[in-house]
Participant: 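One structure is given below, represented as structure tokens, and several questions about it will come after.
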Amino acid sequence: MQGKNFGPLKNEIDLAQLIATPPIGDCPYTLFLGAGASVSSGIPSANGMVREWQKSLYKSLKRPKYVAEENFEHWLNGEYPTWREQKGKEYNQSDYSLLFTYRYQQPLERKNYLEQLIEGKQPAFGYVYLASLIAAKRLNRVLTLNFDDLASEALVKYYGIKPIVCPFDASISEIAVSKQKPKIIKLHGDFLYDDIRRFDDLRNSARMQSYFPKSMQENIEDKMKEMTRGYGLIVAGYSGNDGSIMSAISDLLKNPEYLTYGLHWCLHKPRKSEQSVEIPPKLIELKQNYPNQVHLYEIESFDKLMEEVHLECRSQLPHVLVQPHPHNLVVEFYESVRGGSSEILSDQMRQYLYHFVESLEKIRTPEYSIIKAELKWELGASQRAQGYEEAALQFFVDGYALLEEAMTQNLPIELKMKALRRKSGLCIGIAKLIEKGHEVPTSTEGSTLPFFDWPEALEASFKVISEGFEICQHPEAEKIPAPFKRTFSFNGCCAYSLKGEWESKEKGLNKLDNIEELAQKVIPYIRHIKSLDPEGEHIPKLIKDPDFNYLYENSQILKAEINQSQVLA
């Protein structure tokens with residue numbers, strides 16, 4: 001992949017090798033984190049929040065009964081820029097800052113929103129890998145724009161290391177930068193409790209000087225100077241749309257005392273393979289002005305970047321995850337990975353996750369059985385992808401047997417949804433392997449499945465999906481993470497498509513006569529996926545899923561529904 005006029009970009013492996021080269025303890029690079037680093041832990045990105053607020057604004061101004069995607073996009077490209085110019089010209093705010101302050105006008109309202117956003121979120125793989133690198137003395141300085149405390153929580157929880165944390169409104173002069181103790185420095189960028197320019201405009205007043213002796217911009221610059229004096233800066237999960245930060249970085253590049261190990265900027269791969277990686281305009285300018293100091297990397301995600309560095313540096317995973325622990329940290333970490341991540345787990349992450357969970361083999365509570373069944377599914381899917389179909393089928397059958405046992409008990413709604421969600425996927429996985437000619441084995445513990453041919457396996461999946469889908473509509477399920485609820489609809493779409501494909505194959509037809517009848521069963525699932533997907537990512541993923549291909553290609557009703565892109569307001 002090539003960046004704009006800069007030729008082929010480097011990747012995670014190049015950056016990992018760079019970090020692993022200096023002697024342990026040198027730590028010549030400071031890590032700078034933006035919102036993208038916390039997405040896999042269930043915290044939305046800045047772009048995701050902007051999209052949500054834009055839709056909220058559209059509903060407020062237009063009051064539509066339904067939010068039709070094409071109408072929203074037309075408004076976004078037409079009327080929104082005019083509204084934005086009128087509202088934002090006074091302070092030249094970013095979309096993020098403008099929409100945030102418009103929607104939550106009082107500082108306490110914004111504070112409450114942010115606290116609600118990060119409440120209950122736990123560090124996922126990226127932060128555990130980061131903590132392992134800090135524990136291994138490969139990194140020891142982190143600058144972060146994020147409001148969460150995931151980096152410090154990972155260090156304390158998994159390694160027992162308490163870092164020095166410098167809040168956004170504290171002076172960096174209080175921190176001994178040269179000491180080896182890990183340091184996490186909070187910045188706020190253009191916006192936290194109020195717009196930075198308003199602070200700067202008022203900084204000469206006696207009241208403001210007593211609260212902030214320096215302007216917010218000066219505070220940011222001081223922190224970034226201390227964290228990059230004689231060091232390099234690695235930027236990850238940050239869009240580059242924050243004027244105060246980009247201005248500070250630009251000033252650092254002008255002075256040879258700072259960024260002596262260069263500026264290393266990580267850019268996320270675009271969702272569509274044919275698209276070029278997007279480079280922020282200010283970063284393009286910096287790269288053109290300082291070509292030998294600014295280095296660009298194309299990465300899949302923050303988690304994948306940290307994984308490559310973790311593997312290259314051979315840092316150790318936390319003992320509390322590898323070994324049984326009385327506080328159930330294995331379960332807590334597992335839930336943070338499965339509940340918040342929209343990223344696809346790499347094979348290495350999957351193996352680590354299985355390694356953590358296998359320490360729980362002797363525990364037979366429903367919660368652990370559901371976790372084990374989830375991992376059986378993950379490992380079976382991995383085996384199937386590598387061509388080991390019989391091994392995959394055994395994993396699927398074992399997972400199904402675990403869930404059958406767990407669901408004999410009266411489960412709370414969240415556990416029941418997790419069990420049903422995974423059971424639906426296991427039924428489909430088993431059906432696909434039966435259809436390919438494999439015989440269903442007994443589980444490793446001797447249990448026999450209640451079905452032996454693919455129509456029975458698909459029928460079992462329909463029952464499970466229907467039950468889970470019904471629970472999703474219940475008020476008690478409101479706080480269940482969207483990925484859990486979305487899976488029922490996703491699996492329903494694929495199961496009905498496979499039913500149509502296999503029946504047509506048996507009858508020797510190109511298209512079933514009742515194809516539109518099957519499509520009608522899928523439409524409620526399509527609408528449910530859209531209602532849980534404000535960024536519009538998952539319908540395109542469904543369309544690309546080969547299990548859904550038959551129904552999508554042959555049903556006109558379904559194509560019309562998807563192209564309408566209507567989401568209930």
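Everything numeric in this text was worked out from a predicted model, so none of it was measured. FYI, the numbering just counts along the sequence from 1.
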Participant: In this structure, are over 12 heavy atoms from other groups packed under 6.0 Å from E390 atom CD?
Facilitator: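 Counting neighbours around CD of E390, 12 or fewer heavy atoms of other residues, nucleotides or ligands fall under 6.0 Å, so no.
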Participant: Flag yes if more than 12 heavy atoms outside E478 fall under 6.0 Å of its CD atom; otherwise flag no.
Facilitator: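 12 or below, so no.
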Participant: Within a 6.0 Å radius of atom NZ on K186, are there more than 12 heavy atoms belonging to other residues, nucleotides or ligands?
Facilitator: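 Result for NZ/K186: enclosed.
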Participant: Identify which one of I234, L33, L233 satisfies the side-chain contact (heavy atoms from CB on, under 4.5 Å) criterion when paired with L143.
Facilitator: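 Of all the options given, the one that passes is L233.
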Participant: Distance check, rounded to the nearest 0.5 Å: K372 atom NZ versus E405 atom CD?
Facilitator: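 Atom-to-atom, K372:NZ and E405:CD are 8.5 Å apart.
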Participant: Can a salt bridge be assigned to the pair K436 and E389 using a cut-off of 4.0 Å between side-chain N and carboxylate O?
Facilitator: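 Salt bridge: yes.
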Participant: Passes side-chain contact (heavy atoms from CB on, under 4.5 Å), Y238 versus L145? Steps please.
Facilitator: CA-CA 9 Å; Y238 173 53; L145 283 170; 3.4 Å; yes
Participant: Would you indicate whether Y113, at its atom OH, is surrounded by more than 12 heavy atoms from other residues, nucleotides or ligands within a distance under 6.0 Å?
Facilitator: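 Correct, the count exceeds 12.
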Participant: Measure from the ring center of Y297 to the ring center of W265 and say whether it is less than 6.0 Å.
Facilitator: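 Between Y297 and W265, the centre distance exceeds or equals 6.0 Å.
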Participant: Can you see whether H264 engages Y29 through a side-chain donor-acceptor pair at a distance of less than 3.5 angstrom?
Facilitator: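 The criterion, which ignores hydrogens and geometry beyond distance, is not satisfied for Y29 and H264.
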Participant: Between Q394 and D398, do the side chains contain an N or O donor and an N or O acceptor separated by less than 3.5 Å?
Facilitator: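 D398 and Q394 do have a side-chain donor-acceptor pair below 3.5 Å.
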Participant: For the pair Y96 and W53, name the ring-plane relationship: parallel under 30°, tilted 30 to 60°, perpendicular over 60°.
Facilitator: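 Because their plane-to-plane angle lies in the 30° to 60° range, the rings of Y96 and W53 count as tilted.
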Participant: Any donor and acceptor pair, going by atom type alone, linking the side chain of R350 with main-chain N or O of L379 inside 3.5 Å?
Facilitator: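 No; zero donor-acceptor contacts below 3.5 Å.
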Participant: Find out whether the Lys NZ or Arg CZ of R141 is both under 6.0 angstrom from the six-membered ring centre of Y231 and within 45° of the ring's axis.
Facilitator: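 Yes; both conditions hold, so R141 lies above the ring face of Y231.
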Participant: Is it true that, when you exclude Q473 itself, more than 12 heavy atoms of the residues, nucleotides or ligands shown sit nearer than 6.0 Å to its CD?
Facilitator: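 Yes - once you tally the heavy atoms of other residues, nucleotides and ligands closer than 6.0 Å, there are more than 12.
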Participant: Are more than 12 heavy atoms, taken from residues, nucleotides or ligands other than Q316, located less than 6.0 Å from that residue's CD atom?
Facilitator: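 Not buried by this count: 12 neighbours or fewer within 6.0 Å.
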Participant: For Y525 and F488, run ring-ring contact (aromatic ring centres under 6.0 Å, His included): C-alpha distance rounded to whole Å, both residues' side-chain angles, the deciding distance at 0.1 Å, then the answer.
Facilitator: CA-CA 8 Å; Y525 297 140; F488 292 109; 9.4 Å; no
Participant: In terms of relative ring orientation, are F462 and Y496 parallel, tilted or perpendicular, with 30° and 60° separating the classes?
Facilitator: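 F462 and Y496: parallel rings.
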Participant: Nearest 0.5 Å please: distance from the OG1 atom of T444 over to the NZ atom of K376.
Facilitator: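 Reported to 0.5 Å precision, the distance equals 6.0 Å.
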Participant: Determine whether the aromatic ring centres of residues F356 and Y334 are separated by less than 6.0 angstrom.
Facilitator: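 Not under 6.0 Å, so no.
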Participant: Consider only side-chain N and O atoms of Y400 and S443, and report whether a donor and an acceptor are under 3.5 Å apart.
Facilitator: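 The answer is no; no qualifying pair exists.
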Participant: Would you say the side chains of R486 and H538 form a donor-acceptor pair under 3.5 Å?
Facilitator: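 Their side chains do contain a donor-acceptor pair, which is all the 3.5 Å distance test asks for.
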Participant: Quick one: which of S41, S38, S132 gives a side-chain hydrogen bond (donor to acceptor under 3.5 Å, both in side chains) with Y127?
Facilitator: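 When S41, S38, S132 are each tested with Y127, the side-chain hydrogen bond (donor to acceptor under 3.5 Å, both in side chains) holds only for S38.
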Participant: Under 6.0 Å from the NZ atom of K121, do we count more than 12 heavy atoms belonging to anything else shown?
Facilitator: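 Enclosed: over 12 neighbouring heavy atoms sit under 6.0 Å from NZ of K121.
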Participant: Is there a donor in the side chain of Q386 and an acceptor in the side chain of S382, or the other way round, less than 3.5 Å apart?
Facilitator: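 Yes, because at least one side-chain N or O of Q386 sits under 3.5 Å from a partner of the opposite role on S382.
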Participant: Verify whether the ring centers belonging to F490 and F548 lie closer than 6.0 Å.
Facilitator: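 No, the ring centres sit 6.0 Å or more apart.
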Participant: Is it true that, when you exclude Q348 itself, more than 12 heavy atoms of the residues, nucleotides or ligands shown sit nearer than 6.0 Å to its CD?
Facilitator: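 Count over threshold, so yes.
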